[in-house]
Amino acid sequence: MGYDFKEIEKKWQEYWAKHETFKVLNHSEKPKFYILDMFPYPSGAGLHVGHPLGYIASDIFARFKRHKGFNVLHPQGYDSFGLPAEQYAIQTGQHPAKTTQDNISRYRTQLDQMGFSFDWSREVRTSNPDFYKWTQWIFLLLFDHYYCNDANKALSIQSLIGRFEKDGNNNINAVCDSKIQSFSAEDWVNFDEHKKQEVLLGYRLTYLSHSEVNWCAELGTVLANDEIINGVSERGGFSVTKKKMKQWSMRISAYSERLLSGLDRIDWPESLKEMQRNWIGKSIGAKVFFAIEGNEKNIEVFTTRPDTIFGVTFMTLAPELDLVQEIVVSNQKDAVDTYIKETQQRTQRERMADVKNITGVFTGAYAIHPFTGNRIPIWIGDYVLADYGTGAVMAVPCGDQRDYDFAKHFNIPITNIFKNVSIEEEAYTDKANTVLDQSDFLNGLSYKEAMLLVIKVLEEKGSGAGTINYKLRDAVFSRQRYWGEPIPVYYKNGMPQALSLEDLPLNLPEVEHYLPTPEGAPPLGNATNWAWNEVERKVVANTAIDHAKVFPLELNTMPGWAGSSWYFYRYMDAQNTDSFVGSEAKNYWQDVDLYLGGSEHATGHLLYSRFWQKFLFDLGLLPVDEYAKKLINQGMILGSSAFIYRISGSQTYVSKDLLKSEITYEPIRVDVNLVNASEEIDVEGLKKWQPQFATAIFELSEGVFKVGREVEKMSKSKYNVVNPDEICDQYGADTLRMYEMFLGPLEQAKPWNTAGISGVHNFLRKFWKLFYKEDEFIVTDSIPDKKALKTLHETIKKITEDIESFSFNTCISSFMICVNELTSLNCHSKEVLRPLTILLSPFAPHLSEEIWEKLGGVGSIVEEPFPVFNKSFLIEEEKNYPVSFNGKMRFTLSLSLSLDKQAIQEAVLNDHRTLEYLEGKAPKKWIIVPNKIINIVF
RNA sequence: GCCUUGGUGGCGGAAUUGGUAGACGCGCUGGAUUCAAAAUCCAGUUUUUUCGGAAGUGUGGGUUCGAUUCCCACCCAAGGUACCA
């Protein structure tokens, strides 16, 4: 019969479910260990082979930690709000809640069949009202707090009002809207309610502001950059423009410095921390005010090189800056407007990517240099981004390459302010060796000296100040979508008012359709009879007044990252109805010991969640201000997308081997499941798959149609998803688990490829054969020979070390070597096979449980202590090792494994060939690597 | 463009601190077993060769007695680039 994985896996999955083997309590004698996976978005394509990679790794580690005597929290849930469910709803009219539920059911079935040791009693779903109630609650807390720079933490708005009443805002050192003007206590008292709310909004940690979005008029909706392809909407191909809309934002910038410094205290991959550091983008410099000729306003610029201020020969503003409209002179207005229109049609990414194309327009206006009083022409150019710094730069062409290129392109004069440096070819950007010239009071100074002096002088003149700038922008928190958490706010006289905790959750209303309203309001605007509590509901139903217009609820919803910014605390106490997490639970579990997920979240989820953590920590609601001690990025399993090629402007598709270089083709993605092993597509299947192919013409090559391939992210929209179900069915979960680990290093991205899975499956069958011959259980109580014990202990050592360093791929090689050796030694001794089974159980849990039961183990193998490596079983043996002298001479020495450096030195010196070569000279340097090579340098 | 990661046989990958490159697996070739096939087992498998060797870890340089490993420049691929999750 042999290894019947189907029966075994079914049996043990049922056993674990029945005995609640993985249920964990919020208290224990054992030390705690919280191992967390990034929860999946339940997409309609089902779980693909990439998802389990991280879950298998974390499951192996969780099981390993249980063997090592830890109380392990290993939960799972669903990030169940998101755009795909909504788009599906738009297309089909199906409620996203229904499709989401269907998808979750499918995911659960798929997850269960892989034998994960999740404690499902703690499942969370971000789209459940009893979960998003607390997401909304956290939003209200953010709304009710501001960031005080003196206390260096978030404080309540109530305390801010108290300070306003006493002193106005003059002594307040807080992170706030730059447009807020100073006022006295008296002013504050005299402000009307509307004005007061407006001022407070400028301080709140979540606030309303005007931000730019991608607006698609035809679809009547806002689009993600992701939904825009070549400047037009992915859906429908309509044009997209930039538009300013009133949006909720999160003042994450208040936490810039703490987000940066916190990185030094957590064990996350250095590359990921570097990415976050760059994203936060701290730079030290100065802000400088330039007066505008004939205008009362100033231009404020941020520069990291205030020392080069005497090299300024022009200024460049971002085209979308409001100021541009105020300063542009009439005869330049047409040119400026045309240019602005052009830039609005380009995405920011295109603008940044396209640096070779220098574009810009002169506004006709001039600024005044704060020191020389020179007139400085003001230009606009799309290399200046509106949302970085102040959206304006003082251009120093001699010291900045982009300014240099711009000046050369438009024939703007370049002043050289560097001593003994030529700027004929390019700008001089070497800070460290800067010596200034033609710079008045800065002449002869270095970068550092000039920087300090010029900031001092600017501050004295009131024309600027030293400042620290962060690239990190406040996070836009509004989405004009249906399938997200409603923002718990209503409006009174146009100002946002917070709902109270008792009114939460503010449930998503039912709507007839999921597109924006005809008036352009977000989809929630389609809701009728929507109110935030029963009292309000009655008012809505019974009054003649249009209540929705008097106290309208916020119609935007929250973004995908809202729920995922705190879900890991909910797992600790998922059923709690009184609190987002109970104090007993959070005090016991504290934080996440190991977090596994992809590096694609580096500057999204992993930054936002740290921000919320710090905020909740400030309020005393969480015990630590970094939630994940250690983080590992599992590499993404990439898909291998299939492409067919359409002749541009036609309906003719050409087999890949018939492509000609003189014709332009459009590559179109097709479902990889329609492609066979020889890279040929099933044309009939393709015609049925999507209507656009039903009537198309296909040019075959020798009767077949070949596709092209490209490796990219596995995603439903790229039609390259491979599901694990088939593999589970054919080889079993244990094989799939081990194969995914065997594919390569955990951290590395790798394209999915099923070839090779049989090797891992064969290993499990060989393993099984150590225990069974035909159907007879052949394990003996005999004493194993020394070689078998040596093999076992070498394996224990290797596996323990490799699990602890997450090198699961090499673990599997070690298992294979071990089983091959035991097979050839014909070893069936219980003394060897029992520990080996425990060793294997994190990797192949079903098989291990089955054998464990047969070996007479009591209960589940899960709690069994992990085998301990015993050095004494490693037998020393004589081996030949090569020795090289300066790479010129090489011979071998018979040495024992245990020899230390001194013994090797003696052995070399006692060898007659060595003595001949040495001619009495003593070696200078000994390089001795145990077990390997000895190198002696003279 | 910018930030991050990676590039080793036909393929996935291994190689500890700079020390015998190619572990382990897939595939392929040959053999055993079989009426035959599947399965299993054994042997071989970087390239080249005048069979002594020689070359070889994306490309070109550098450091070193010695480089897959360290440094510089470049090429290619993937992830992120702020409304995909």
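Numbered from 1 within each chain, the chains take letters A, B, ... in sequence-line order.
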In whole angstroms, the gap separating C1' of B/C3 from CD1 of A/Ile280 amounts to 13 Å
Those residues at least two apart in sequence (or on a different chain) that pass salt bridge (Lys or Arg N to Asp or Glu O under 4.0 Å) with A/Glu274 are A/Arg277
When rounded to whole Å, the CG to P distance for the pair A/Asn820 and B/A23 reads 14 Å
In whole angstrom, give me the gap between the P atoms of B/C11 and B/U57. 15 Å
Determine whether the aromatic ring centres of residues A/Tyr132 and A/Phe81 are separated by less than 6.0 angstrom. yes
Testing B/G79, B/C26, B/A78 for proximity to the side chain of A/Ser758, the answer is B/C26
Between the SG atom in A/Cys811 and the CE atom in A/Met816, the distance rounded to the nearest 0.5 Å is 12.0 Å
Distance-only criterion, 3.5 Å: show the donor-acceptor pairs between side-chain atoms of residues 748-757 of chain A and protein atoms not counting sequence neighbours.
from: A/Lys750; atom 1: NZ; to: A/Pro745; atom 2: O; distance (Å): 2.6
from: A/Lys750; atom 1: NZ; to: A/Gln748; atom 2: O; distance (Å): 3.0
from: A/Trp752; atom 1: NE1; to: A/Thr754; atom 2: OG1; distance (Å): 3.2
from: A/Asn753; atom 1: OD1; to: A/Ala755; atom 2: N; distance (Å): 3.1

Mate of B/U68 across any strand shown (Watson-Crick or G-U wobble, both atom pairs under 3.5 Å) is none
Taken to the nearest whole Å, CD1/A/Ile817 to C1'/B/A23 is 6 Å
- prompt: In whole Å, what separates the P atom of B/C24 from that of B/C41?
  reply: 15 Å
To the nearest angstrom, the CD1-C1' distance between A/Ile757 and B/G27 comes to 16 Å
Nucleotide N/O of nucleotides 82-85 of chain B paired with protein N/O under 3.5 Å:
from: B/A82; atom 1: OP1; to: A/Asn225; atom 2: ND2; distance (Å): 3.0
from: B/A82; atom 1: OP1; to: A/Arg349; atom 2: NH2; distance (Å): 2.6
from: B/A82; atom 1: O5'; to: A/Asn225; atom 2: ND2; distance (Å): 3.4
from: B/A82; atom 1: O2'; to: A/Arg473; atom 2: NH2; distance (Å): 3.4
from: B/A82; atom 1: N6; to: A/Lys471; atom 2: O; distance (Å): 3.3
from: B/A82; atom 1: N1; to: A/Arg473; atom 2: N; distance (Å): 3.2
from: B/C83; atom 1: O4'; to: A/Arg479; atom 2: NE; distance (Å): 3.0
from: B/C83; atom 1: O4'; to: A/Arg479; atom 2: NH2; distance (Å): 3.2
from: B/C83; atom 1: O2'; to: A/Leu223; atom 2: O; distance (Å): 3.2
from: B/C83; atom 1: O2'; to: A/Ala224; atom 2: N; distance (Å): 3.1
from: B/C83; atom 1: O2'; to: A/Asn225; atom 2: N; distance (Å): 3.4
from: B/C83; atom 1: O2; to: A/Arg481; atom 2: NH2; distance (Å): 3.2
from: B/C83; atom 1: N3; to: A/Gln480; atom 2: OE1; distance (Å): 3.4
from: B/C83; atom 1: N4; to: A/Gln247; atom 2: OE1; distance (Å): 2.9
from: B/C83; atom 1: N4; to: A/Gln480; atom 2: OE1; distance (Å): 2.9
from: B/C84; atom 1: O4'; to: A/Asp226; atom 2: OD2; distance (Å): 3.3
from: B/A85; atom 1: OP1; to: A/Leu83; atom 2: N; distance (Å): 3.0
from: B/A85; atom 1: O3'; to: A/Asp79; atom 2: OD2; distance (Å): 2.7

With syn meaning chi within 90° of zero and anything else anti, the base of B/G66 is anti
Pairing partner of B/A77, by Watson-Crick or G-U wobble and under 3.5 Å for both distances, is B/U5
As its Watson-Crick or G-U partner within any shown strand, both distances under 3.5 Å, B/U46 has B/A55
A/Asp802 meets the salt bridge (Lys or Arg N to Asp or Glu O under 4.0 Å) criterion, sequence neighbours left out, with A/Lys798
Whole-Å distance, A/Arg709 CZ to B/A78 C1', equals 17 Å
- Task: Check the side chains of A/Thr316 and A/Tyr383 for a donor-acceptor pair under 3.5 angstrom, ignoring hydrogens and angles.
- Result: yes
field: Beyond-backbone contact of A/Tyr595 with A/Met38, side-chain heavy atoms, under 4.5 angstrom
entry: yes
Using the P atom in both, what is the distance from B/G10 to B/U4, to the nearest Å?
33 Å
Picking from B/A78, B/C3, B/A39, the nucleotide nearest the side-chain atoms of A/Met275 would be B/C3
Of all heavy-atom pairs linking A/Asp400 and A/Thr429, the shortest is CA-CG2, 4.3 Å
side-chain hydrogen bond (donor to acceptor under 3.5 Å, both in side chains) with A/Asn214: of A/Thr221, A/Thr241, A/Asn225, only one passes, and it is A/Asn225
Side-chain donor-acceptor distances from residues 472-482 of chain A under 3.5 Å, at least two apart:
from: A/Arg473; atom 1: NH1; to: A/Asp387; atom 2: OD1; distance (Å): 3.4
from: A/Asp474; atom 1: OD1; to: A/Ile252; atom 2: N; distance (Å): 3.4
from: A/Asp474; atom 1: OD1; to: A/Ser253; atom 2: N; distance (Å): 3.1
from: A/Asp474; atom 1: OD1; to: A/Ser253; atom 2: OG; distance (Å): 2.6
from: A/Asp474; atom 1: OD2; to: A/Tyr207; atom 2: OH; distance (Å): 2.4
from: A/Ser478; atom 1: OG; to: A/Trp248; atom 2: N; distance (Å): 2.6
from: A/Arg479; atom 1: NH1; to: A/Val476; atom 2: O; distance (Å): 3.2
from: A/Gln480; atom 1: NE2; to: A/Asn556; atom 2: OD1; distance (Å): 2.7
from: A/Arg481; atom 1: NH2; to: A/Glu227; atom 2: OE1; distance (Å): 2.9
from: A/Tyr482; atom 1: OH; to: A/His95; atom 2: NE2; distance (Å): 3.2
from: A/Tyr482; atom 1: OH; to: A/Pro509; atom 2: O; distance (Å): 2.7

| message | Between B/A37 and B/C28, how far apart are the two P atoms, rounded to whole Å? | response | 16 Å
Heavy-atom nearest nucleotide on RNA chain B taken for A/Met816 and for A/Asn278; more 5' hit belongs to A/Asn278
TODO: In whole angstrom, give me the gap between the C1' atoms of B/U29 and B/C35.
DONE: 25 Å
message = Strictly below 4.0 Å: does A/Arg277 bring a side-chain N or O up to OP1 or OP2 of B/U4?
response = no
For B/C74 versus B/U68, give the span between their P atoms, rounded off to a whole number of Å.
23 Å
Syn within 90° of 0, anti beyond: B/G9 is syn
Protein-proximity profile, nucleotides 5-13 of chain B, B/S/- by nucleotide at the 4.0 Å heavy-atom cutoff, equals S------BS
*What integer number of Å spans the C1' atoms of B/A67 and B/G61?*
14 Å
ask   = Base, sugar-phosphate alone, or nothing: which one does A/Asn762 contact when heavy atoms must sit under 4.0 Å apart?
value = sugar-phosphate
### Task
For nucleotides B/A15 and B/A77, find the distance between their P atoms and express it as a whole number of Å.
27 Å
As its Watson-Crick or G-U partner within any shown strand, both distances under 3.5 Å, B/A21 has none
Query raised in the report: Any side-chain heavy atom of A/Leu638 sitting closer than 4.5 Å to one from A/Met714?
Result: no
